[in-house]
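A quick write-up on the structure given underneath.
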Amino acid sequence: MDTLNVRSHIKGVGRAKEFVLNFCRNHDVPAEFADSFSVMLDEFLSNIIPAATSPRICLTIERREDAGDPGRRRRLVFTSSHAGPRYDISDENRLVWPEEEVKAKFSPLTLHRLHEFLDQIDCRYENGENSVTLGKNF
């Protein structure tokens, strides 16, 4: 697992994208998959950065293999953690987003694209921090 802390600023999106692409190159993730995943990540981060109340966002990425799966399913898993108001994007049809507390909101198109592309979207909120995990099988 690799970890990166980025500023809660749009410039952090570029660093995060570079972080993901480098991780994929170093862990035998197919280039076309890595490019698609980084586009989804760009979309996701561009929407959460305005909501973050902390100056930094902690990002982790890992490649997992399911040893019990005869096809050896592989998954790229990305987690973002930051302080801010609670939100939940895990259900495309039931968005939890406190509009009065934040400056940005996931558009219906962004939510649809994330849910269409990803195999996993998990959201947790503990001690004032959002933790969102995005996963994609490849």
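Quick caveat: nothing in here was measured; it's all calculated off a predicted structure.
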- Message: Distance check, rounded to the nearest 0.5 Å: E62 atom CD versus T3 atom OG1?
- Response: 9.5 Å
- Note on the structure: Here the pair of heavy atoms bringing L118 nearest to F37 is CD2-CE1, 4.0 Å
- Message: Can a donor-acceptor pair be found, under 3.5 Å and without considering hydrogens, that links the side chain of K17 to the backbone of V39?
- Response: no
- Quick one: CZ on F138 to CG on D119, what's the gap to the nearest 0.5 Å? 11.5 Å
- R56, CZ: over 12 other non-hydrogen atoms inside 6.0 angstrom: yes
- Task: Working to the nearest 0.5 Å, report the span between OG of S80 and CG of L134.
- Result: 8.0 Å
- Item | I121 with Y87, same ILVMFWY side-chain cluster at under 4.5 Å | yes
- Message: In the structure I gave you, are the side-chain heavy atoms of R74 and N137 within less than 4.5 Å of one another anywhere?
- Response: no
- Task: Output the distance between atom CE (M40) and atom OG1 (T110), rounded to the nearest 0.5 Å.
- Result: 8.5 Å
- Check: V29 main-chain N/O paired with H27 side-chain donor or acceptor under 3.5 Å: no
- Message: For the OG atom of S38 and the CZ atom of F23, what is their distance to the nearest 0.5 Å?
- Response: 14.0 Å
- Could you tell me whether the side chain of I89 reaches within less than 4.5 Å of the side chain of L114, counting heavy atoms only? yes
- Task: Mind running side-chain contact (heavy atoms from CB on, under 4.5 Å) on N130 and R124 for me, showing each step along the way?
- Result: CA-CA 6 Å; N130 288 289; R124 282 191 344 262; over 6 Å; no
- Message: Under a 3.5 Å distance rule, please check whether R63 uses its side chain to pair with a backbone N or O of L76 as donor and acceptor.
- Response: no
- Would you check if F44 and V132 make a side-chain contact, meaning some heavy-atom pair closer than 4.5 Å? yes
